[in-house]
J.: 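Once you've had a glance at the structure underneath, I'll fire off some questions.
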Amino acid sequence: MKSERVILCIDVGSNSIRCMEAAGSVDAPRFSDKRVFTTRLAEGLAQTNRLSETRMRQSLDVLDTLAREAHSSGVVMRAYATSAVRDAEKRDAFLHPAASILGHSVDVLTGVEEAANAYRAATGERGGGMLDLGGGSTQIIRPP
């Protein structure tokens, strides 16, 4: 019997790192409870255009914990980052160690990608609009 593939989705946001496991099929996915780690990665970004060393270290420590848990249980990880990393000068100071910890790169979403993902997750693309208030950005989605 083939074991089911489980993916740990990691969202590296401006104020927190959120993660959730997904399993099952595209038509019938199952999700674990969401875990949230408040890291405030964007703290000071508006003033310096850079990510704080302290907040980067805190965020990298969370990613290290998640990676160890995932590796020990055979879970595949996928990580993406949003506004704080997208907007930061010298964001590679965070992205390179994060990739080393996770074993793969962290996808940095554009604002349009972030909005599209939020829309799909919230509505299942069934119409209507939505507002996604993030720690470092806001997306307003109105279908055509």
Side-chain angles (χ1 to χ4, degrees), residues 4-126 128-144:
E4 183 175 61
R5 182 175 185 195
V6 178
I7 300 173
L8 177 65
C9 302
I10 303 170
D11 172 357
V12 179
S14 297
N15 286 310
S16 62
I17 294 175
R18 298 169 187 261
C19 66
M20 176 183 290
E21 289 183 358
S25 68
V26 173
D27 295 329
R30 294 184 319 281
F31 301 101
S32 68
D33 290 338
K34 178 173 47 177
R35 295 168 61 192
V36 180
F37 305 87
T38 303
T39 59
R40 304 205 190 292
L41 184 59
E43 183 177 80
L45 180 64
Q47 294 79 23
T48 66
N49 290 325
R50 294 190 179 176
L51 300 172
S52 147
E53 290 291 331
T54 300
R55 295 307 185 173
M56 280 195 294
R57 173 58 25 217
Q58 185 179 11
S59 297
L60 292 168
D61 287 347
V62 168
L63 292 178
D64 186 59
T65 298
L66 295 174
R68 289 176 190 275
E69 290 173 3
H71 289 306
S72 70
S73 60
V75 172
V76 174
M77 294 175 292
R78 293 294 175 254
Y80 62 89
T82 56
S83 178
V85 176
R86 178 174 64 234
D87 297 343
E89 287 180 8
K90 300 185 180 182
R91 65 187 185 182
D92 288 343
F94 177 77
L95 292 172
H96 287 304
S100 178
I101 289 167
L102 297 174
H104 61 80
S105 63
V106 175
D107 293 327
V108 180
L109 301 181
T110 66
V112 170
E113 291 169 326
E114 185 178 353
N117 287 341
Y119 179 75
R120 278 192 299 276
T123 69
E125 297 182 354
R126 289 184 294 274
M130 67 161 277
L131 176 68
D132 176 25
L133 298 173
S137 66
T138 300
Q139 289 80 36
I140 300 170
I141 302 100
R142 187 182 78 210

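Side chains included, hydrogens not; waters and symmetry mates left out as well; all remaining heavy atoms used. Remember, predicted model here, so these are calculated numbers, not experimental data. Counting from 1, the numbers follow the sequence of the chain as shown.
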J.: State, to 0.1 Å, how close Thr82 and Gly13 come at their nearest heavy-atom pair, and which atoms those are.
T.: OG1-CA, 3.6 Å

J.: What's the spacing between Met56 CE and Leu63 CG if we round to 0.5 Å?
T.: 12.5 Å

J.: Side-chain contact test, heavy atoms from C-beta onward, threshold under 4.5 Å: evaluate it for Ile7 versus Glu21 and give yes or no.
T.: no

J.: What's the shortest heavy-atom distance between Ala99 and Ser105, and which atoms?
T.: CB-CA, 3.9 Å

J.: Can you see which heavy atom on Ala23 is nearest to which on Val6, and at what distance?
T.: CB-CG2, 4.1 Å

J.: Among pairs that include at least one residue of residues 89-109, which meet salt bridge (Lys or Arg N to Asp or Glu O under 4.0 Å), considering only residues two or more places apart or in two chains?
T.: Arg50-Glu89

J.: Roughly how far, to the nearest 0.5 Å, is the OG atom of Ser16 from the CZ atom of Arg40?
T.: 9.0 Å

J.: Taking the side chain as C-beta and beyond, is there a heavy-atom pair between Arg35 and Leu66 under 4.5 Å?
T.: yes

J.: Any carboxylate oxygen within less than 4.0 angstrom of a Lys/Arg side-chain nitrogen, looking at Glu113 and Arg86?
T.: no

J.: Heavy-atom distance under 4.5 Å between the side chains of Phe31 and Cys9, does that happen here?
T.: no

J.: Report yes if some heavy atom in the side chain of Leu41 is under 4.5 Å from a heavy atom in the side chain of Val12; otherwise report no.
T.: yes

J.: Looking only at heavy atoms, which two atoms of Ala67 and Leu102 are closest? And how far apart?
T.: CB-CD2, 4.1 Å

J.: At their closest point, which heavy atom of Val108 faces which heavy atom of Leu95, and how far apart are they?
T.: CG2-CD1, 3.8 Å

J.: Is any side-chain heavy atom of Phe37 closer than 4.5 Å to a side-chain heavy atom of Ile10?
T.: no

J.: Please, which pairs that meet side-chain hydrogen bond (donor to acceptor under 3.5 Å, both in side chains) have at least one residue in residues 58-67, sequence neighbours excluded?
T.: Thr39-Ser59, Arg55-Gln58, Arg57-Asp61, Asp64-Arg68

J.: Grab the two heavy atoms, one from His104 and one from Met77, that are nearest each other, plus how far apart they are.
T.: NE2-O, 3.0 Å

